[in-house]
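By convention in this document, chain letters (A, B, ...) are assigned in the order of the sequence lines, proteins followed by strands, and residues within each chain are numbered from 1. All values below were derived from every heavy atom in this structure, side-chain atoms included, with hydrogens, water molecules and symmetry-related copies excluded. Quantities reported herein were computed from a predicted structural model and do not represent experimental measurements.
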Amino acid sequence: MNTNFYEQVYEIVRLIPKGRVTSYGAIAKSLGAAKSSRMVGHAMSYAGTAHPVVPAHRVVNSSGLLTGKFHFSPPELMEELLAKEGVKVKDDKVLNFRQIFWNPMEEITE
DNA sequence: ACATTGACGCTGG
DNA sequence: CCCAGCGCCAATG
């Protein structure tokens with residue numbers, strides 16, 4: 001397995017700089033599957049089994065809400081990691097989401 | 001093969 | 001701003 005849709009998602013997620021976050025739809029769009037945003041979420045489920053590390057905590061929904069925080073070992077781990085990186089989380093949602101939002105398209109530019 | 005579910009996104013009211 | 005409906009695709013039973 002190499003250049004699969006999931007692998008591409010992992011690649012992008014691993015490229016997310018510290019203190020920044022992105023959304024599933026943005027990743028899906030950069031892969032040319034804007035309508036398959038759900039698949040990005042599914043890929044995240046596989047992220048736990050994926051190789052090195054996939055900072056899935058840096059991936060949130062289009063509203064900056066930590067929808068998948070319950071998928072972490074401790075659900076609060078997501079906020080913990082984000083807070084550690086400088087990302088403020090309030091009520092399961094990222095603050096200044098629009099400001100810390102990281103656009104994968106700017107890194108891919110294929 | 002069919003039905004159900006899901007870490008989503010967008011539009012409309 | 002909140003809620004409801006629809007679309008889209010893959011994994012699972």
Just how far is it from atom [atom1] of [X] to atom [atom2] of [Y], taken to the nearest 0.5 Å?
{"X": "L82(A)", "Y": "K18(A)", "atom1": "CG", "atom2": "NZ", "value": "11.5 Å"}
{"X": "E107(A)", "Y": "T22(A)", "atom1": "CD", "atom2": "OG1", "value": "11.0 Å"}
{"X": "H42(A)", "Y": "F5(A)", "atom1": "NE2", "atom2": "CZ", "value": "11.0 Å"}

Would you check if the side chain of R14(A) reaches a backbone N or O of V54(A) as a donor-acceptor pair within less than 3.5 Å?
-> no
Output yes when a side-chain donor or acceptor of N61(A) lies under 3.5 Å from a complementary backbone atom of G64(A), and no otherwise.
-> yes
Nucleic acid contacts - residues 65-78 of chain A versus DNA chain B, non-hydrogen atoms under 4.0 Å = T67(A), G68(A), H71(A), F72(A)
Mind running a 4.0 Å heavy-atom check of residues 81-100 of chain A against DNA chain B and sending the residues that fall below it, in number order?
-> none
Pair up each side-chain donor or acceptor in residues 87-95 of chain A with any protein partner under 3.5 Å, not counting sequence neighbours, and list the distances.
| from | atom 1 | to | atom 2 | distance (Å) |
| --- | --- | --- | --- | --- |
| D92(A) | OD1 | K69(A) | NZ | 2.9 |
| K93(A) | NZ | K90(A) | O | 3.4 |

Residues forming a side-chain contact (heavy atoms from CB on, under 4.5 Å) with Y6(A), sequence neighbours excluded = Y10(A), A43(A)
Please report, rounded to the nearest Å, how far the [atom2] atom of [N] is from the [atom1] atom of [X].
{"X": "H42(A)", "N": "dT4(B)", "atom1": "NE2", "atom2": "P", "result": "16 Å"}
{"X": "N4(A)", "N": "dA10(C)", "atom1": "CG", "atom2": "C1'", "result": "13 Å"}
{"X": "M39(A)", "N": "dC8(B)", "atom1": "CE", "atom2": "C1'", "result": "9 Å"}
{"X": "I16(A)", "N": "dA7(B)", "atom1": "CD1", "atom2": "C1'", "result": "13 Å"}

R58(A)/E85(A) salt bridge by N-O under 4.0 Å criterion | yes
Every protein N/O lying under 3.5 Å from an N/O of nucleotides 9-12 of chain B:
| from | atom 1 | to | atom 2 | distance (Å) |
| --- | --- | --- | --- | --- |
| dG9(B) | OP1 | G25(A) | N | 3.2 |
| dG9(B) | OP1 | S62(A) | N | 3.1 |
| dG9(B) | OP2 | S62(A) | N | 2.8 |
| dG9(B) | OP2 | S62(A) | OG | 3.2 |

Nearest-nucleotide wise, let me know which of Y46(A) and K35(A) is further upstream toward the 5' end of DNA chain C.
-> K35(A)
Within-4.5 Å side-chain heavy-atom neighbours: R20(A) and F101(A) | no
Within a strict 4.5 Å, meaning less than it, do heavy atoms of the Y24(A) and T67(A) side chains meet?
-> yes
Quick one: side chains of residues 25-38 of chain A, donor-acceptor pairs under 3.5 Å with protein atoms, not counting sequence neighbours, listed by atom name and distance.
| from | atom 1 | to | atom 2 | distance (Å) |
| --- | --- | --- | --- | --- |
| S30(A) | OG | A26(A) | O | 2.5 |
| S30(A) | OG | I27(A) | O | 2.8 |

